[in-house]
Amino acid sequence: MTLPEAGGGCSSAGGDGKASCGSSGGPDDMPAEIWDKVKNHPCYSEEAHHHFARMHVAVAPACNIQCNYCNRKYDCSNESRPGVVSQKLTPEQAVKKVLAVASEIPQMTVLGIAGPGDALANPKKTFDTMRALSEKAPDIKLCLSTNGLALPDMVDEICRHNIDHVTITINMVDPEIGAKIYPWIFWNHQRVTGVEAARILHERQMLGLEMLTARGVLTKINSVLIPGINDQHLIEVNREVKKRGAFLHNIMPLISEAEHGTVFGLTGQRGPTAQELKAVQDACMGGANLMRHCRQCRADAVGLLGEDRSEEFTLDKIESMEVVYDLDKRRAYQQKVELERQSQHQAKVDALAAALDLENVDPDMQVLLAVATEGHGKVNQHFGHATEFQIFQVSKDEALFVGHRRVDLYCQGGYGEDEQLPSIVNAINDCHAVLVAKIGACPRDELLAAGIEPVDEYAHEYIEKAALSWFAKYRQRIANGELRHQPRGDATIRQGAFTAAA
Ligand code: CLF
Ligand code: SF4
């Protein structure tokens, strides 16, 4: 593994607060060796997530702590959406599956172990899988996620296996707050509870993070935002992890449906609204760089973030597949993406250069837009086929990815499902417009009635260029007196199980 100098580079600096240095950064924003690690990792680079896929193998069933947002019958909530039980795999089955996926999906560049329990509470299974993979598929990046309790003891092993990306879920740096999130941990062969448990967990998390930074491993911190428990506290978490060299901070909404049977679900602890989540993320700007494109994916997820192709790769289907691990094909795909990335970037630069100062229009005005996309960074999906909308914050000077909203499919079996429309409108209610490749008359009228403008004139254009071009026209219409800028309301973050893509 090529490691950056300890104490140098973007990771050890913990970011300088620029949005560009972290997940939305490009080759000009960070040292070459860091760029090389993130450029095709869909979680560590926002840009990459439009083009590259990850997969998880569910080889780690056990866990060494208990979180109040987790029910062990389901996948680990740290890195996966509760509600779908994984097919547990042995390391041998996992390696077979990775090779099968890699031969079918050349854009799959990262293998992660993210549960369904804790990757490092199952060290043998985790590292056996990683070892075999680095021999058989050396171009695949290795990644794991952990609650951090066992991390300090595993740092050497992590480095030995060339695991360049580690996620630690850190929900607090104050054990009093931690005691409200973690009822117990299993430590030194016994169960420890209360504030003492949270204190041990906190110290292990901080130590593990510092050790990884010193070894040049890129770290991402996941935090679950739990309103009333750690919402404001996450700003301090952000500061503390930045100090210790975290590359990215991913603040995710609590998922707490009562039917998941978690403590929080059963006690009525709610998750945040879209505005509450964004407010905490925005308050952290200037600290550790933020990841805002996380999809809280399953422990056996396969595909681009936001799509799930795991059903195509069940064990019985893999058995009948012809697996050809074609390194040249994979490299050719990655070169194609590099060219696409450059033209996407140029389109954005051109659109920004065309932005005008207009009299009577607030130069600092910014709005949110929803975008229907199926990848490649383009507005290329039919409204009715979207299972999620990407959310961009647009101003005269920037089109910034700030999140996504999961929705129920509008188009069911060729027909529009009008009952779904109110929930889709709720999910994007804070947006001024929705950019789509195509949209039918009925949803178009309903969106307009809700004050959201449906826009299909930028079909198959790059998203940032489309968003900036729409916004330039929007401002022009205001300048001409054709419309008045109105603020939008809040939106609902959809909870519950994933709806498979059409
Ligand atoms: Fe998996 Fe996590 Fe690696 Fe990504 S996921 S282990 S860093 S390869 Fe990504 Fe999924 Fe969010 Fe995790 S979108 S839940 S941040
Ligand atoms: Fe569940 Fe993951 Fe927490 Fe363990 S670390 S209790 S598997 S959410």
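When a ligand or atom number is given, it counts from 1 through the structure's own listing order.
- For Lys220, every heavy-atom contact with ligand 1 shorter than 4.0 Å involves the side chain, none the backbone.
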Worked check of side chain to side chain contact (heavy atoms under 4.5 Å, CB included) between Tyr44 and Lys37: CA-CA 9 Å; Tyr44 281 69; Lys37 285 182 183 178; over 6 Å; no
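- Interface atoms of ligand 2 facing Asn147, defined by a heavy-atom separation under 4.0 Å, are 5 (S).
- Between the side chain of Gln93 and the backbone N or O of Thr90, at least one donor-acceptor pair lies under 3.5 Å.
- Heavy-atom neighbours of Lys96 NZ from other residues, nucleotides or ligands within 6.0 Å: at or below the threshold of 12.
- The shortest heavy-atom distance from Tyr69 to ligand 2 is under 4.0 Å.
- Within the listing of ligand 2, atoms 1 (Fe), 6 (S), 7 (S), 8 (S) sit less than 4.0 angstrom from a heavy atom of Cys70.
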Trace of the ring-ring contact (aromatic ring centres under 6.0 Å, His included) decision for His165 with His41: CA-CA 9 Å; His165 301 80; His41 193 309; 4.6 Å; yes
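- Each of the atoms 8 (S) of ligand 1 lies under 4.0 Å from some heavy atom of Val110.
- Listed by number with element, the atoms of ligand 2 under 4.0 angstrom from any heavy atom of Pro116 are 7 (S).
- Inclusion of Cys143 in the first shell of atom 3 (Fe) of ligand 1 is supported: an N, O or S atom falls under 2.8 Å.
- Annotation for ligand 1: atoms under 4.0 Å from non-hydrogen atoms of Leu305 are 13 (S).
- Close approach of ligand 1 to Thr167 (heavy-atom distance below 4.0 Å) involves ligand atoms 7 (S).
- Judged by distance alone, with hydrogens and angles left aside, the side-chain atoms of His293 form no donor-acceptor pair with the main-chain N or O of Gly403 at under 3.5 Å.
- Distances below 4.0 Å separate heavy atoms of Cys294 from the following atoms of ligand 1: 11 (Fe), 13 (S), 14 (S), 15 (S).
- Cation-pi geometry between Lys97 and Phe313 is not satisfied (NZ or CZ under 6.0 Å from the ring centre, within 45° of the ring normal).
- Within ligand 2, counting atoms from 1 as listed, the ones closer than 4.0 Å to a heavy atom of Cys63 are 4 (Fe), 5 (S), 6 (S), 7 (S).
- When the heavy atoms of Pro42, Ala119, Cys43 are ranked by distance to atom 9 (Fe) of ligand 1, first place goes to Cys43.
- If you run side-chain hydrogen bond (donor to acceptor under 3.5 Å, both in side chains) between Gln334 and each of Thr109, Asn40, Asp139, only Asn40 comes through.
- Checked by atom type, the side-chain pair Asn171/Tyr182 shows a donor-acceptor distance below 3.5 Å.
- Each of the atoms 1 (Fe), 5 (S), 6 (S), 8 (S) of ligand 1 lies under 4.0 Å from some heavy atom of His56.
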